[in-house]
Number of protein chains: 2
Amino acid sequence: MSRWEPNARGRLAEAALELCGERGYEQTTVAEIAKRAGLTERTFFRHYADKREVLFGGSGALQELFVNAVTGAPESAAPIDSIAAGLQAVSAMFVGRREYSRQRQALIVANAELRERELIKLASLSAALADALRRRGVAEPAASLTAEAGVAVFKVGFERWIAPAEEREMSQVMRESLDELKAVAAGG
Amino acid sequence: MSRWEPNARGRLAEAALELCGERGYEQTTVAEIAKRAGLTERTFFRHYADKREVLFGGSGALQELFVNAVTGAPESAAPIDSIAAGLQAVSAMFVGRREYSRQRQALIVANAELRERELIKLASLSAALADALRRRGVAEPAASLTAEAGVAVFKVGFERWIAPAEEREMSQVMRESLDELKAVAAGG
DNA sequence: CTACGTGATGACAGTGACTGACATCAGGTG
DNA sequence: CACCTGATGTCAGTCACTGTCATCACGTAG
């Protein structure tokens, strides 16, 4: 066996979600999170740049997956259709994680600091998508606008997917949300 | 004369812009800002909820002005045209403040914390505009989409207006940016 | 004129996020 | 066996932010 328990980063994220879920984000200290994960406060900050970041650990993987799917879409695919491919790829990553996502989102909407962090993550995602579209030969401002539209659909679709009564898979909800955006854009 | 120098809030904002401009946002402490304004750190936090907020003091007035202009637009005006009226009203507020705006924006884009705060201010503006449109009888999702479009035009227009070579008035730049959005949306 | 309330401020101690510097120590490598 | 490496612990320190109480010019009631 190794010197330390494995997956310190994951243990910190799990401990943070548990503790913040029990008593709220602001009422949870970094020292407490670290202690539950069997680590010290100083080690927490070696894994996460700040306290908020521990609740956004998956955003990097999400962005990478989304961008890769857009990049890997057929050359013939229109910009909005490569975004659609990205939405489908991202949906696969959330299979079986609806309850987890609900808990996490409840935390975020309840706290202004966390909402700020979420907004900048989505802005980063939008910029990365626009970049991917540009590499596919999409010109500006179409690339940025399509990227923004993709993020808007993701936001709307995600909120619907975690709604209390909702039981459909995320991929289906995303497809439907994208269709609605297309209808609105067409003046429907 | 009164017991204290007047306009403590404004003095704090001015001191903050000066000091952060000289040495950067992170290298400036709240105690230093307060001292330059002739106040104490404790008093700073009686005027601003946190350190970032001192650089966003005008955002409340901007949102109010924008929303009022939208609300006060002729009943016959289409949603996008009431937004256009808001953009014109906001432009009036920036007359003679281009250099100030350049300095402030340079600070914000240079710092991730400040960018986060700016994003949530814009999100708040978008929500307020959507609300104003709904009160004008605009249905969803048209209200939210039009509001988002309005904020997008404001962002693009503002960035153009503070660009180094730019000398036109903000009202003209905003008009032009809105026209471009309309062209893009029309598939042009 | 005096007493009292009010509101903006100062003073001070305390918490918690975050950082820098140095120590530790299992495991791999030559 | 000596040495290096990487993840961790320890500790002191800075700074954002808060709660609490004191101060004191000003206005106002009596």
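Within every chain, numbering begins at 1; the chains are lettered A, B, ... in the order of the sequence lines, protein sequences first and strands thereafter.
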Check: What's in the same ILVMFWY side-chain cluster as Val156(B), cut-off under 4.5 Å, chained through other members?
Finding: none

Can you tabulate the close N/O pairs, meaning under 3.5 Å, that link protein atoms to atoms of nucleotides 3-5 of chain C?
none

Checklist line | Proximity to the side chain of Arg42(B) - top-ranked nucleotide from dA8(C), dC12(C), dG9(D) | finding: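 From the listed options, dC12(C) comes nearest.
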
Check: Which nucleotide in the list dT24(C), dA25(D), dT8(D) gets nearest to the side chain of Arg3(B)?
Finding: dA25(D)

Look for any protein N or O under 3.5 Å of an N or O in nucleotides 15-17 of chain C and output each such pair with its distance, or none.
{"from": "dA17(C)", "atom 1": "OP1", "to": "Val30(A)", "atom 2": "N", "distance (Å)": "3.4"}
{"from": "dA17(C)", "atom 1": "OP1", "to": "Lys51(A)", "atom 2": "NZ", "distance (Å)": "3.4"}
{"from": "dA17(C)", "atom 1": "OP2", "to": "Val30(A)", "atom 2": "N", "distance (Å)": "3.4"}

Rounded to the nearest angstrom, tell me the gap between atom [atom1] in [X] and atom [atom2] in [N].
X: Arg117(B); N: dA16(D); atom1: CZ; atom2: P; value: 14 Å
X: Glu113(A); N: dC18(C); atom1: CD; atom2: P; value: 8 Å
X: Arg52(A); N: dC18(C); atom1: CZ; atom2: C1'; value: 13 Å
X: Tyr25(B); N: dC15(D); atom1: OH; atom2: P; value: 14 Å

Check: Looking only at N and O atoms, is any donor in the side chain of Arg46(A) or the base of dG6(D) less than 3.5 Å from an acceptor on the other one?
Finding: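 By the distance-only test, no, there is no pair.
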
Item checked: Arg9(B) backbone acceptor or donor facing Tyr48(B) side chain under 3.5 Å ->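 It does hold such a pair.
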
Check: In terms of side-chain geometry, is the basic nitrogen of Glu99(B) or Arg102(B) positioned less than 4.0 Å from the acidic oxygen of its partner?
Finding: yes

Notebook entry, point to check: Under 3.5 Å, is there a donor-acceptor pair between the Glu140(A) and Ser144(A) side chains?
Noted result: yes

